[in-house]
Enquirer: 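Sharing a structure here in structure tokens format.
Keep in mind that the numbers below use all heavy atoms, side chains included, and drop hydrogens, waters and symmetry copies. Every chain is numbered from 1, with letters handed out A, B, ... down the list of sequences. Owing to the predicted nature of the structure, the values given are computational and were not obtained by experimental measurement.
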There are 2 protein chains.
Amino acid sequence: MENEKAVTLQDIANRLNLSVVTISKALRNHPDISIKTTKLIKKVAEEMGYMPNIMARNLSSRKSNTLGLVVPKIAHHFFGAIIESIFDLAFQQNYETILTVSQENAEREKKHLLTLLSMKVDGIIISVTQETKDLSVFEMIERRGVPIVFIDRVPESAQNYNIVKVDDYNGAYKAIEHAYNLGYRKIAHFGGATNINIGRDRMNGFKDAMNNFGIEINPNWIFEGGYSENSGYEFFMKLYKENNLPELILAVTYPVALGIYMAAKEVGLEIPKDIDVICFGNAKVQSFLSPPLSCIDQPTDLISKNAIDLIMKKIDDEDNEIAPQQIVLDTSLVLRGTCIKKH
Amino acid sequence: MENEKAVTLQDIANRLNLSVVTISKALRNHPDISIKTTKLIKKVAEEMGYMPNIMARNLSSRKSNTLGLVVPKIAHHFFGAIIESIFDLAFQQNYETILTVSQENAEREKKHLLTLLSMKVDGIIISVTQETKDLSVFEMIERRGVPIVFIDRVPESAQNYNIVKVDDYNGAYKAIEHAYNLGYRKIAHFGGATNINIGRDRMNGFKDAMNNFGIEINPNWIFEGGYSENSGYEFFMKLYKENNLPELILAVTYPVALGIYMAAKEVGLEIPKDIDVICFGNAKVQSFLSPPLSCIDQPTDLISKNAIDLIMKKIDDEDNEIAPQQIVLDTSLVLRGTCIKKH
DNA sequence: TTGTAAGCGTTATCAC
DNA sequence: GTGATAACGCTTACAA
């Protein structure tokens with residue numbers, strides 16, 4: 001069974017006794033070609049089932065209408081939401097999005113970035129892994145003239161790039177302030193890696209708030225380095241075994257909070273009575289947890305929107321005249337069944 | 001500020017006074033070239049920061065090492081899990097994956113499929129929208145010789161394509177059998193669109209089980225057409241307003257069940273006491289809902305694994321000698337805090 | 001308004 | 001072992 005061969009511009013040109021160029025122009029609505037001819041060509045192309053070869057088109061035009069997106073994880077509410085809206089916004093502007101997943105692995109991330117460059121994407125949006133420190137790839141991407149926008153997670157030393165992030169510092173601060181007003185004094189922070197901003201800023205917001213409100217910081221209640229269910233579970237279990245649980249835990253992400261829910265359930269402790277929790281991130285399902293989980297909302301749609309706007313602006317800015325831009329979005333406290341009163 | 005130009009094979013060839021062909025072959029470990037030369041060329045290429053232009057490579061080799069993936073949604077546990085593992089498995093086999101999202105819109109889906117063809121992907125894995133009926137695109141893809149594998153959702157008339165799905169019929173049947181043994185007799189099904197298999201099979205499994213166990217089917221308790229939170233919410237509210245709630249609802253997806261949780265909470269009914277629920281799909285978070293949600297588990301990892309294996313086999317099968325294959329995976333009942341006793 | 005020529009960066013083929 | 005040549009399908013000058 002022989003496969004149908006793809007129809008090319010040449011095929012259409014042959015059929016109509018016109019040149020390839022005329023066909024090409026007509027199909028792209030180039031004003032050079034008369035309306036009548038254009039119409040005819042389009043009709044015939046449609047009939048013949050013509051489909052442009054994007055490889056050839058991109059190679060020739062040195063423009064791919066493609067965005068690269070790099071995230072550490074997909075099956076995670078925060079990233080799922082961001083990916084979905086970025087895809088949607090890009091599609092609306094006639095851009096394809098090439099998604100790659102680093103799985104929190106810096107080496108893999110680098111490989112993906114090189115692949116994206118090889119694919120000649122017009123711009124790159126990235127949320128880096130926990131371990132990303134080496135900026136050389138990003139510098140190289142810059143030198144190549146490919147616009148790059150960091151979202152949410154930004155390596156420590158990349159503060160001068162294009163960035164769209166959330167005011168993590170104030171988010172943590174607000175949460176602690178709220179807890180303080182509730183009467184909480186024994187507060188832990190299950191934090192993330194502090195070599196990237198989200199971990200660092202949330203940690204700093206936590207510490208500054210604690211200090212400002214005159215609450216003592218217990219170093220045994222401070223953890224660094226995890227964003228997953230596992231981390232939340234393990235940190236909790238460690239404190240539980242030491243018989244050293246705090247009254248309230250500020251969790252760096254929603255999965256970490258879920259890990260805490262898991263652990264608490266396992267050892268028969270009741271949230272929020274025996275141990276209270278609040279976290280960063282706002283998944284719809286949090287309302288239906290037992291108890292409903294309060295959080296510091298990160299506006300995923302706004303992150304995506306701003307990232308796309310920024311990258312498009314940069315792509316259009318061919319002479320690279322626009323300075324890098326740092327956009328910081330506000331968080332808000334969403335209170336449900338946790339962290340609403342002291343027990 | 002001028003951008004750094006990308007290094008090409010020609011640049012390396014010039015530097016070494018060799019031909020482009022030699023460079024190209026060496027970098028691909030072609031046996032034509034001596035080990036010594038190959039080594040030298042690789043070293044210089046590395047030094048010069050050479051990165052292949054994938055567009056050019058694909059155009060020339062008529063092979064893209066790229067898979068196309070089409071799903072109706074991303075921010076959804078089931079698809080998130082599938083996407084993540086497909087990306088991972090493809091990456092391990094040196095394939096890039098181009099993800100596109102149909103947003104449950106058949107027209108958009110068709111557009112994405114054409115784009116994937118235009119991008120010359122080597123194979124396509126798709127989970128269709130609720131409304132996909134027109135098979136012409138798929139026929140065309142087949143004629144073009146691009147392997148295609150349907151996962152989970154398959155259009156009614158596409159039963160002869162490559163398929164990896166779940167035994168939805170038996171899943172529903174088992175759930176009803178279990179409910180029957182618990183003593184439930186007033187059972188509703190909040191189902192999906194029945195023009196695709198998952199809705200249809202679950203509905204049939206439900207109905208056959210009901211009939212076999214001699215339970216009367218109340219047509220007012222049968223809904224068709226929704227897979228989202230909204231549907232669950234609306235169907236529930238409709239019955240609630242009619243004062244016509246069943247004892248147990250079999251929900252076609254986890255989001256539908258979540259919609260039911262939402263609605264029940266809003267009107268002050270308690271799950272599972274006042275109204276009980278079980279659903280298809282198994283998200284980790286279901287254990288932490290209040291109450292923990294029981295479900296018919298769909299093995300997402302197995303779906304992905306089988307889909308990748310199948311598509312790779314098809315890609316390698318250049319003469320198209322292997323017949324289309326239908327793989328049906330078993331479900332299992334995961335019982336937690338719902339549908340565990342009659343109230 | 002249409003067409004010619006050149007080139008995008010790579011790989012396949014075949015000759016040396 | 002190495003390389004010249006053509007080709008992949010398209011676009012961008014520029015010429016007619």
Enquirer: Between the opening five pairs and the closing five pairs of the helix from C:dT1-D:dA16 to C:dC16-D:dG1, how far apart are the helix axes, to 10°?
Expert: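 The value is 40°.
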Enquirer: On DNA chain D, check which nucleotide each of A:His30 and A:Ala6 is closest to and give me the residue with the more 5' one.
Expert: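 Looking at DNA chain D, the more 5' nearest nucleotide goes with A:Ala6.
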Enquirer: Any side-chain donor-acceptor pair under 3.5 Å between B:Thr129 and B:Thr132?
Expert: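 Per modelled atom types, B:Thr129 and B:Thr132 side chains form a pair under 3.5 Å.
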Enquirer: Is A:Ser24 near enough to D:dC10 that one of its side-chain N or O atoms lies under 4.0 angstrom from OP1 or OP2?
Expert: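 So the side chain of A:Ser24 is outside the cut-off, no N or O lying under 4.0 Å from OP1 or OP2 of D:dC10.
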Enquirer: Verify the contact: side-chain N or O of A:Ser19 to OP1 or OP2 of C:dG3, cut-off strictly under 4.0 Å; return yes or no.
Expert: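 Yes, because at least one side-chain N or O of A:Ser19 sits under 4.0 Å from OP1 or OP2 of C:dG3.
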Enquirer: Can you tell me how far P of C:dG9 sits from CG of B:Asn14, to the nearest Å?
Expert: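 These atoms are roughly 13 Å apart.
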Enquirer: From CG of B:Leu9 over to P of D:dA4, roughly how many Å is that when rounded to an integer?
Expert: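 To the nearest whole Å, that distance equals 15 Å.
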Enquirer: Measure from CD on B:Gln10 to P on D:dT5 and round the result to the nearest Å.
Expert: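 Atom-to-atom, B:Gln10 to D:dT5, this comes out as 13 Å.
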Enquirer: Let me know the distance between CG of A:Leu27 and P of D:dT11, rounded to the nearest Å.
Expert: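 For the pair A:Leu27 CG and D:dT11 P, the rounded distance is 8 Å.
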Enquirer: Ignoring hydrogens, what is the shortest heavy-atom contact between A:Met55 and B:Met119? Give both atom names and the distance.
Expert: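 Taking A:Met55 first and B:Met119 second, the nearest heavy atoms are CE-O, 2.9 Å.
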Enquirer: Can you tell me if A:Gln92 and A:Asp88 form a side-chain donor-acceptor pair at under 3.5 Å?
Expert: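 Judged by distance alone, the side chains do pair up.
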Enquirer: When the distance from CZ of A:Arg28 to P of D:dA13 is rounded to whole Å, what number comes out?
Expert: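 Whole-Å distance recorded here is 11 Å.
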Enquirer: Under 4.0 Å between a side-chain N/O of A:Ser60 and OP1 or OP2 of D:dG9, yes or no?
Expert: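 Checking A:Ser60 against D:dG9: no side-chain N or O falls below 4.0 Å of OP1 or OP2.
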Enquirer: Taking atom NZ of B:Lys133 as the centre, does the number of heavy atoms from other residues, nucleotides or ligands within less than 6.0 Å exceed 12?
Expert: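 It does not: B:Lys133 NZ has 12 such atoms or fewer within range.
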Enquirer: If we count only N and O atoms by modelled type, under 3.5 Å, do the side chains of A:Lys313 and A:Gln325 hold a donor and an acceptor together?
Expert: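 There is such a pair between these side chains.
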Enquirer: Are a donor atom and an acceptor atom from the side chains of A:Asn29 and A:Lys42 found within less than 3.5 Å of each other?
Expert: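 Yes, a side-chain donor-acceptor pair sits under 3.5 Å.
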Enquirer: What I want to check is whether the side chains of B:Lys165 and B:Gln326 have a donor and an acceptor closer together than 3.5 Å.
Expert: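 There is no such pair (donor and acceptor under 3.5 Å, judged by atom type) between the side chains of B:Lys165 and B:Gln326.
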Enquirer: On the side chain of A:Ser61, is there an atom forming a donor-acceptor pair with the base of D:dT11 - under 3.5 Å, no angle test?
Expert: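 Side chain to base: no pair below 3.5 Å.
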Enquirer: Using the side chain to side chain contact (heavy atoms under 4.5 Å, CB included) rule, pick out the option among A:Ile141, A:Leu116, A:Asp122 that qualifies with A:Val146.
Expert: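 That would be A:Ile141; it is the only one of A:Ile141, A:Leu116, A:Asp122 passing the side chain to side chain contact (heavy atoms under 4.5 Å, CB included) with A:Val146.
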Enquirer: Using the six-membered ring wherever Trp is involved, compare the ring planes of B:Phe150 and B:Tyr161 and label them parallel, tilted or perpendicular (cut-offs 30° and 60°).
Expert: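 Rings of B:Phe150 and B:Tyr161: perpendicular, over 60°.
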Enquirer: Could you state the CE-C1' distance from A:Met119 to C:dT10, rounded to the nearest angstrom?
Expert: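 Going from A:Met119 (CE) to C:dT10 (C1'), I get 15 Å.
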Enquirer: Ignoring the backbone of A:Arg62, work out which of C:dC8, C:dT11, C:dA12 is nearest its side chain.
Expert: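 Looking only at heavy atoms from C-beta outward on A:Arg62, the closest nucleotide is C:dC8.
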Enquirer: Which listed nucleotide (D:dA7, D:dT11, D:dG3) is nearest to the side chain of B:Leu18?
Expert: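 For the B:Leu18 side chain, the nearest candidate turns out to be D:dG3.
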Enquirer: Among the nucleotides D:dG9, C:dT10, C:dT13, which one has an atom lying closest to any side-chain atom of B:Arg57?
Expert: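 The nucleotide sitting nearest to the side chain is C:dT10.
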Enquirer: Can you tell me how far P of D:dC8 sits from NZ of A:Lys5, to the nearest Å?
Expert: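 It works out to 7 Å between those atoms.
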Enquirer: In terms of the nearest nucleotide of DNA chain C, which residue is placed more toward the 5' end: B:Leu59 or B:Val21?
Expert: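 Its nearest nucleotide lies further toward 5', so the answer is B:Leu59.
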Enquirer: Can you tell me whether the side chain of B:Lys25 and the base of D:dG3 have a donor-acceptor pair closer than 3.5 Å?
Expert: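 Such a pair is found, so the answer is yes.
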Enquirer: Using 0.5 Å steps for rounding, measure from the OG atom of A:Ser157 to the CZ atom of A:Phe138.
Expert: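 Those atoms lie 9.5 Å apart.
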Enquirer: Tell me the interatomic distance from A:Ile23, atom CD1, to C:dT4, atom C1', rounded to whole angstroms.
Expert: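 The answer, rounded to whole Å, is 15 Å.
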Enquirer: Quick check on contacts: within residues 31-56 of chain B, what sits under 4.0 Å from DNA chain D by heavy-atom distance?
Expert: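 Within this stretch, B:Asp32, B:Ile33, B:Ser34, B:Thr37 sit under 4.0 Å of the strand.
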